[in-house]
Number of protein chains: 2
Amino acid sequence: MAFDRDDVLRAAAELLTRRATATMEEVARAAGVSRATLNRHFAGRDALVRALEDLGIAECEAALDAARVEEGAAVDAVRRLVREAESCAGLLAFLYSESQLFEGEERHAGWARIDERLTGLFRRGQESGEFRIDLSAAWLSEALYGLLAAGSYAVTEGRAARNGFVHMVVELLLGGAIRRNAS
Amino acid sequence: MAFDRDDVLRAAAELLTRRATATMEEVARAAGVSRATLNRHFAGRDALVRALEDLGIAECEAALDAARVEEGAAVDAVRRLVREAESCAGLLAFLYSESQLFEGEERHAGWARIDERLTGLFRRGQESGEFRIDLSAAWLSEALYGLLAAGSYAVTEGRAARNGFVHMVVELLLGGAIRRNAS
DNA sequence: CTCGCATGAGACATCAATGTCTCATTCGGG
DNA sequence: CCCGAATGAGACATTGATGTCTCATGCGAG
């Protein structure tokens with residue numbers, strides 16, 4: 001069977017998202033390849049995690065592109081972004097907790113680009129008067145990461161319905177928990 | 001020097017929160033004890049993590065008590081709770097990502113009690129008309145965990161000021177990102 | 001002061017994960 | 001059909017963390 005790098009990475013992401021301490025052998029089994037082959041293509045766990053990081057970055061940027069975050073009202077852009085980012089929320093949650101592994105090195109430049117676009121989106125919303133300015137754009141970005149991860153966990157563990165994901169994340173991030181008369 | 005179990009646990013929490021893969025020897029050094037002594041009191045990494053889990057649960061319940069979450073307006077109770085929970089947000093973030101280690105076992109009963117009080121708080125707020133009802137109490141609880149963790153990360157990594165923690169978390173959770181005329 | 005107990009330091013065996021190697025098999029292209 | 005490249009299965013050595021043991025030291029209680 002031909003080795004499909006992307007298939008393997010997706011299987012690895014799926015498993016590692018659920019159990020971050022999974023063995024390379026378990027990853028190999030989950031991906032349907034032998035441990036030897038896995039090692040031929042990813043020289044060690046670090047290389048695998050780095051490849052997953054690249055994948056996560058690529059998917060995030062794809063989501064940012066697909067959501068056209070630089071266009072239209074910031075509020076709508078955020079809605080589109082969460083919708084597009086749902087599919088990579090799990091991977092994002094994994095990388096979010098795993099990033100500390102590369103302590104001492106500089107963070108992957110891809111994250112900086114993503115952070116830039118994300119904070120840019122929130123800053124744009126603040127300048128247009130859509131978003132409140134007492135919460136910094138950096139914090140809103142961080143909160144988006146956190147809520148995506150929390151939403152992913154909630155769905156994975158069955159504490160929330162999968163089809164409610166976008167509504168949960170978007171509404172809480174944008175509108176908060178307090179009930180209001182009309183929007 | 002006398003062995004202070006709580007001191008050691010706090011040092012371990014402080015280190016493991018930053019680097020979840022730290023060695024037992026690193027933990028021992030960070031706690032200022034020898035590896036042998038650490039092992040005498042915590043038989044293995046699992047036992048240490050479990051002790052940290054107990055500590056985290058105790059601190060969460062202490063925060064819930066101190067915040068008197070069952071009293072007064074739910075909105076005010078949430079504010080008090082976040083204020084009280086700030087000090088254990090880092091530990092919470094660590095346990096949040098580490099809980100998967102005990103896969104296969106039933107979750108610690110303490111978490112169920114905490115979840116119960118937390119969802120109870122949000123449910124109470126929904127019944128009193130303070131909180132919107134299209135976001136489930138379970139999701140609001142999960143989101144609180146996520147925002148506490150995100151806030152902890154943001155502060156740790158210098159992306160937000162430490163003294164802004166409570167404001168950031170409370171305001172986003174309750175009020176959301178959208179700017180409004182008046183509260 | 002002296003005794004006893006806990007600790008620190010280090011050595012040691014163990015264990016699990018990992019990286020590598022070999023060899024048979026299989027799949028695909030020519 | 002045949003050959004070559006890649007894969008799967010398994011063995012093997014290595015590495016790093018870990019659990020345990022011993023012994024000397026130091027601190028506190030009496």
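Each chain gets a letter, A, B and so on, in the order the sequences are listed, and its residues count up from 1.
Listed by residue number, the members of residues 23-30 of chain B with any heavy atom below 4.0 angstrom from DNA chain D are B:Thr23, B:Met24.
Checking D:dT18, C:dT7, D:dT7 against every side-chain atom of A:Thr37, the shortest atom distance belongs to D:dT7.
Taking only side-chain nitrogens and oxygens, B:His41 never comes nearer than 4.0 Å to OP1 or OP2 of C:dA6. In this structure, B:Arg45 reaches the D:dT18 phosphate: one of its side-chain N or O atoms is under 4.0 Å from OP1 or OP2. For the pair B:Ser34 and C:dA9, the criterion of a side-chain N or O lying under 4.0 Å from OP1 or OP2 is not met.
Each side-chain hydrogen bond (donor to acceptor under 3.5 Å, both in side chains) pair with one or both residues in residues 78-88 of chain A, not counting sequence neighbours, appears once here: A:Arg79-A:Glu171. Applying the ring pair (Phe, Tyr, Trp, His ring centres under 6.0 Å) definition to pairs two or more places apart or across chains, those involving residues 18-56 of chain B are B:Phe3-B:His41. Each salt bridge (Lys or Arg N to Asp or Glu O under 4.0 Å) pair with one or both residues in residues 143-155 of chain B, not counting sequence neighbours, would appear here, but there are none. Listed by first and then second residue, the ring pair (Phe, Tyr, Trp, His ring centres under 6.0 Å) pairs that reach into residues 56-95 of chain B come to none, sequence neighbours excluded. Sorted by first and then second residue, the ring pair (Phe, Tyr, Trp, His ring centres under 6.0 Å) pairs involving residues 63-88 of chain A (not counting sequence neighbours) form an empty list.
B:Glu14 is linked by a salt bridge (Lys or Arg N to Asp or Glu O under 4.0 Å) to B:Arg18, counting only residues two or more places apart in sequence or in another chain. Evaluation of the salt bridge (Lys or Arg N to Asp or Glu O under 4.0 Å) rule for B:Arg107 yields B:Asp115 as partners, not counting sequence neighbours. Residues passing the salt bridge (Lys or Arg N to Asp or Glu O under 4.0 Å) test with A:Glu157, sequence neighbours excluded: A:Arg159.
The separation between A:Leu38 atom CG and D:dG8 atom C1' is 13 Å, rounded to whole Å. Rounded to whole Å, the distance from CZ on A:Phe3 to C1' on C:dT26 is 17 Å.
In DNA chain D, runs of at least 3 stacked Watson-Crick or G-U pairs (N1-N3 plus N6-O4 or O6-N4, or N1-O2 plus O6-N3, all under 3.5 Å) give these stems: C:1-30 with D:1-30.
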Enumerate all atom pairs, one protein N or O and one N or O from nucleotides 20-23 of chain D, separated by less than 3.5 Å.
none

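Here B:Glu70 does not pair with B:Arg124 in a salt bridge; the nearest charged N to carboxylate O distance is not below 4.0 Å.
Counting only N and O atoms by type, the side chains of A:Glu25 and A:Thr23 include no donor and acceptor under 3.5 Å apart.
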Side-chain donor/acceptor pairs under 3.5 Å, residues 57-69 of chain B, sequence neighbours excluded:
from, atom 1, to, atom 2, distance (Å)
B:Glu59, OE2, B:Arg10, NH1, 2.8
B:Glu61, OE1, B:Arg113, NH2, 3.3
B:Glu61, OE2, B:Arg113, NE, 3.1
B:Asp65, OD1, B:Arg117, NH1, 2.9
B:Asp65, OD1, B:Arg117, NH2, 3.0
B:Arg68, NE, B:Glu71, OE1, 3.1

